[in-house]
Number of protein chains: 2
Amino acid sequence: MVTARWTPIIVRNLLAGCTTFNEILDAAPGLSKTLLSERLKRLERYKIVELRAKPSGRGSTYHLSPLGFDLWPVLEAMGTWGSRWLDLEEEHLNPYLVLWDVSKLIDVKDLPDHRVVIRFDLTDLTKRNRFWLMLEPTGREVCDKHPGFDEDLIFTTATRPLALWHLGRVAIGAALRDGLIQLEGSAAMKKEFLSKWQGLSMFAHVKPELQSH
Amino acid sequence: MVTARWTPIIVRNLLAGCTTFNEILDAAPGLSKTLLSERLKRLERYKIVELRAKPSGRGSTYHLSPLGFDLWPVLEAMGTWGSRWLDLEEEHLNPYLVLWDVSKLIDVKDLPDHRVVIRFDLTDLTKRNRFWLMLEPTGREVCDKHPGFDEDLIFTTATRPLALWHLGRVAIGAALRDGLIQLEGSAAMKKEFLSKWQGLSMFAHVKPELQSH
DNA sequence: CGGGATCCTTGACGATACTG
DNA sequence: CAGTATCGTCAAGGATCCCG
């Protein structure tokens, strides 16, 4: 069960803090509602996931049990192995997923006490090429429509450099110097971003054994 | 691929030292030849397994690549999780598999310089209730027919105490005292067995969180 | 022994529609 | 929104036979 199709992804999403059905679904593109429903039900039977009634009355929220949390070492071992040995594939370039991961990995204690909006422009895409990362005292969010707030930073790059940066395979400083990434905004915001809000992948420290060209 | 049905078992068998098609198959009961063949082919494409021509000319032997060996942390994390949280199931009681694991886990350097044959009698079974563990300078083997050599030790127990002992959930001393396990043979052999040839599970040190009744 | 080729069944899954 | 129910499809894989 733990290794069945999509379950590792679902558990990762729960570990990352997803709680509702659609949050889990959004962070698992390609997964159908039918299958997610079936998996969650099965994970509940296996005591890995617990359901709680939503305050709103409609639907439930999903949470890992102690048993489920303890799957983290398994997922970490898988992630480390993948980072070390697998090439960067097309599917890892999905900017929404990269930014989703970025948003989840910014430490709560590093969140600003005011709202910050960072726009990401993907120069190699023609549609769905603009995303917004919102950092607020209460949480972090990624959306692909203008959130209606002023933008504090604008991050311009292509999908591949974005993924490589997040995976720690290019340093942000070098990428800025080489023009792979551009960052616009006030000096103060840039500094905050570079020091606190990078949200590097959990496996950014893993040294790949194979050259991904 | 790494998490596809049976692949973790296949990789575990390769890590344990299986090299031929049938060795892998024997240690994965329930796995069909068709599927093992397909999996090995796929693992080869993924550079996890390497084939080598057999000296005999017929068939090949299968070996893990560096990439494959590096899956060990993943399997270890899975095994630890399972030992900690999952109940002992019927399938884990299979005495052949338990003894297979025992044989693989006896350190080469602890192997005797002469042949030792240990017979295991399963008191709760009526057929296929007798196995032989053979320890030789050149290797270890389990069979379910009399190997034609004298027996040095006779280990009498039921399947469940056998599994519990191997998993480290009952100490051999306590099991002997309680009569769950009987051991017959010369005092010297018994001493060797108890000190060197127990071949406890790799997860025998993991403390289960749940009570398996 | 050491597998490969075929055939045929099953069940896993996606699409769609539905419900409170 | 937050899922559930139904149905059709396709591919994964088991059984069987085959071959050197």
Side-chain angles (χ1 to χ4, degrees), chain A residues 1-11 13-14 17-46 48-64 91 94 139 141-145 147, chain B residues 1-11 13-14 16-46 48-64 91 96 100 139 141-145 147:
Chain A
M1 176 56 195
V2 165
T3 62
R5 279 165 65 80
W6 289 108
T7 4
I9 302 291
I10 294 169
V11 173
N13 291 356
L14 288 164
C18 291
T19 56
T20 72
F21 191 89
N22 284 325
E23 277 174 9
I24 301 169
L25 200 56
D26 285 343
L31 173 59
S32 72
K33 294 201 296 178
T34 311
L35 190 50
L36 176 56
S37 178
E38 189 272 346
R39 285 293 190 265
L40 286 172
K41 226 171 287 174
R42 193 136 48 131
L43 286 167
E44 190 193 4
R45 282 214 317 281
Y46 278 69
I48 293 171
V49 161
E50 295 165 357
L51 268 70
R52 292 181 205 156
K54 274 192 188 174
S56 66
R58 301 210 177 295
S60 316
T61 61
Y62 301 87
H63 306 267
L64 290 172
E91 41 179 322
N94 182 327
E141 202 177 336
V142 181
C143 52
D144 57 1
K145 307 172 297 204
Chain B
M1 176 57 196
V2 164
T3 62
R5 279 165 65 81
W6 289 107
T7 6
I9 301 291
I10 295 170
V11 172
N13 291 356
L14 288 164
C18 291
T19 56
T20 72
F21 191 89
N22 284 325
E23 277 174 7
I24 301 169
L25 200 57
D26 284 343
L31 172 59
S32 72
K33 294 199 301 177
T34 311
L35 189 50
L36 176 56
S37 178
E38 190 272 347
R39 285 293 190 265
L40 286 172
K41 225 172 288 174
R42 193 134 49 132
L43 286 167
E44 191 194 3
R45 283 214 315 281
Y46 279 68
I48 292 171
V49 162
E50 295 165 357
L51 268 71
R52 293 182 205 155
K54 276 192 188 174
S56 65
R58 300 213 176 294
S60 316
T61 62
Y62 301 87
H63 306 268
L64 290 172
E91 41 179 321
Y96 175 77
W100 179 86
E141 200 176 338
V142 181
C143 52
D144 57 1
K145 306 171 299 203

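Values reported hereafter were calculated over all heavy atoms of this structure, with side chains retained and with hydrogens, waters and symmetry mates removed. Numbered from 1 within each chain, the chains take letters A, B, ... in sequence-line order.
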Atom [atom1] of [X] to atom [atom2] of [N]: distance rounded to whole Å?
X      : N       : atom1 : atom2 : value
R58(B) : dG4(C)  : CZ    : P     : 14 Å
E44(A) : dG3(D)  : CD    : P     : 11 Å
F21(A) : dA2(D)  : CZ    : P     : 10 Å
M1(A)  : dA12(C) : CE    : P     : 12 Å

Salt bridge (Lys or Arg N to Asp or Glu O under 4.0 Å) against E141(A), all qualifying residues, sequence neighbours excluded: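 Here no residue qualifies.
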Rounded at 0.5 Å granularity, tell me how far NZ in K54(A) sits from CZ in R58(A).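 CZ of R58(A) is found 10.0 Å from NZ of K54(A).
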If you measure from CG on L43(A) to CG on L14(A), what distance do you get to the nearest 0.5 Å?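 So the gap between those two atoms works out to 8.0 Å.
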Quick check against the 3.5 Å criterion: does T19(A) have a side-chain atom that pairs as donor or acceptor with the backbone of T61(A)?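 Side chain of T19(A) to backbone of T61(A), a donor-acceptor pair under 3.5 Å: no, none is there.
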Under 3.5 Å, side chain of N13(B) to main-chain N/O of C18(B), donor-acceptor pair present?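 No, N13(B) side chain to C18(B) backbone: no donor-acceptor pair under 3.5 Å.
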Can you name the nearest heavy-atom pair linking [X] to [Y], along with the distance?
X      : Y       : answer
E23(A) : G17(A)  : OE1-O, 4.3 Å
L64(B) : V11(B)  : CD1-O, 4.2 Å
P29(A) : W6(A)   : O-CH2, 3.3 Å
A16(B) : W100(B) : CB-CH2, 3.6 Å

N/O (side chain, [X]) to phosphate O (OP1/OP2, [N]) under 4.0 Å:
X      : N       : value
N22(B) : dC1(C)  : no
Y62(A) : dA2(D)  : no
R5(B)  : dA12(D) : no

Would you tabulate the nitrogen or oxygen pairs shorter than 3.5 Å linking the protein to nucleotides 7-9 of chain C?
none

At a heavy-atom distance below 4.0 Å, what parts of residues 24-42 of chain B sit against DNA chain C?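 Heavy-atom contacts with DNA chain C come from K33(B), T34(B), S37(B).
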Does S60(A) reach a base, just sugar-phosphate, or nothing at all? Heavy atoms under 4.0 Å.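 Sugar-phosphate, backbone atoms only, no base.
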